[in-house]
There are 2 protein chains.
Amino acid sequence: MSDDSIKTKDKIAPLPTIRRIPSYLRLLYEYRKEGREWISATDIAERLSLKPIQVRKDMAFTGITGKPKKGFVVSDLIDSIRGFLGWDMMSDTVIVGSGALGSALIGYSGFSEHGLNIIGAFDNDEAKIGSLIHGHKVYDLKDIASVIKDNDVTIGIITVPAQAAQSVADKLVEAGIKGIWNFSPVKLRVPECVIVEKEDLSSGLAVLSVKLGAHLCTD
Amino acid sequence: MSDDSIKTKDKIAPLPTIRRIPSYLRLLYEYRKEGREWISATDIAERLSLKPIQVRKDMAFTGITGKPKKGFVVSDLIDSIRGFLGWDMMSDTVIVGSGALGSALIGYSGFSEHGLNIIGAFDNDEAKIGSLIHGHKVYDLKDIASVIKDNDVTIGIITVPAQAAQSVADKLVEAGIKGIWNFSPVKLRVPECVIVEKEDLSSGLAVLSVKLGAHLCTD
DNA sequence: TAGATTGTTAATCGATTAACAATC
DNA sequence: TAGATTGTTAATCGATTAACAATC
């Protein structure tokens, strides 16, 4: 890719860095609640079992600069991370699939802290359509295109069963969605401009299983 | 670490490899259902948008060997992967926290395919104790130690709120649990022989957010 | 001032990818 | 046989870690 554009897009931060950053943010909220003004990379590393140098490198990607001997101003760092993640702006979001997992996510009040504004849920089950789940209306999946367009929804969360996931993704894409958070276990096919992030619980379980199987300890 | 033990422990496979393997298994189950006998690394790579060489490397870690020109026998590869992950043996498991997420997990019937046998759920909410969630009994958190010991439970899934997570982890460890699948957003402190795998949904959301913010596409 | 912490530059480590001989 | 695919060895790439000067 040549740099023929006016302003060459900054290289995105390493994915491992991006994945670690929310845990820093969570710790920072704790510090803020405790009324602490400063936090150092050393503190953070200690609390999260990381190396200080790694935390410092990660921080640099958010654009913050610290003060030798003191570290970072907690509130500044919170702002910097929120800006970096885009969590200072709300993204209108729909959840497709109001089964157990979908319901659990709908009820998660922490989404607003993560930049998500839940517009509503969608399902094709007549029994659920029109009902409320944790205060959010369940709409008919048939109407999803108009709701997405009318509300400028940018993110869709897919929590439907595997066999329905691709067709739901197609509908979301057709309606102009920009990003999909995919909780189904299928690899979705979407145009390359649509971002899909797959949340794969079985990956985490696999890591746990293999580590347990290796029984690294002698007891 | 020196190799003074009788049988030096095999080096564990790379974590990224372990994380990818469940998605191979899922595809293999599809192939089996379709009655197909062979699958090649090329096929798998194509379906999951990976490079064939990466799939072959990953496969090698499971111990399977293939046949040039044909690939791998589907049923053999399934067995090999299940053995590698330890999902051919059932691990008795408890879920602590019967809120929305806990309930969703309890209801997930696919756990048996992932080597987990759910013994029951635990909560400290009087209203929930004694009730059934998706056919599984909710027990009093106070009784967790005896249930874990009596049933030889090796895995604990934590789905309680953040402020309760560490104390639950302490109880699980005290009762002799071997592994913890932690869905709470806190970094748990446990003895080094206890394996903790943290399932951090905010990491995935962070990746989605940053990629969306970078709007790599021009529309 | 002394010392802890930052930020930068260089070295190391580990995973991915490439190259290619072996094989069915 | 010809050609697709495997498995191995080597090269590349990217993230982590180390080293250290700058600074408050």
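Within every chain, numbering begins at 1; the chains are lettered A, B, ... in the order of the sequence lines, protein sequences first and strands thereafter.
- With sequence neighbours left out, B:Phe111 forms a ring pair (Phe, Tyr, Trp, His ring centres under 6.0 Å) with B:Tyr108.
- For the pairing with A:Val196, the side chain to side chain contact (heavy atoms under 4.5 Å, CB included) check across A:Val173, A:Ile158, A:Ile180 returns one residue only, A:Ile180.
- Using a cut-off of 4.0 Å between Lys/Arg side-chain N and Asp/Glu carboxylate O, B:Glu197 and B:Arg19 are scored as salt-bridged.
- Residue-level contact check: B:Lys69 touches the bases, meaning some heavy atom is under 4.0 Å from a base atom.
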- For DNA chain D, the expected dot-bracket line (Watson-Crick or G-U under 3.5 Å, [ ] crossing, | inter-strand) is ..||||||||||||||||||||||

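- Listed here is the closest heavy atom pair of A:Ile177 and A:Ile155: CD1-C, 3.6 Å.
- Legend: residues meeting ring pair (Phe, Tyr, Trp, His ring centres under 6.0 Å) with B:Tyr31, ordered by chain and number and at least two apart, are absent.
- Considering only heavy atoms from C-beta on, A:Ile78 comes within 4.5 Å of A:Leu25 through its side chain.
- Qualifying side chain to side chain donor-acceptor pair (under 3.5 Å) partners for A:Glu30, counting only residues two or more places apart in sequence or in other chains: A:Arg26, A:Arg47.
- Taking for each of B:Ser40 and A:Lys70 the nucleotide of DNA chain D with the nearest heavy atom, the 5'-most of the two is the partner of B:Ser40.
- Using a 4.0 Å heavy-atom cutoff across all strands shown, B:Lys51 reaches sugar-phosphate atoms only and no base atom.
- Listed by chain and number, the residues in a ring pair (Phe, Tyr, Trp, His ring centres under 6.0 Å) with A:Phe183 are A:Trp181 (sequence neighbours excluded).
- Nucleotides of DNA chain C with any atom under 4.0 Å from a heavy atom of chain A span, from 5' to 3', C:dG3 to C:dA10.
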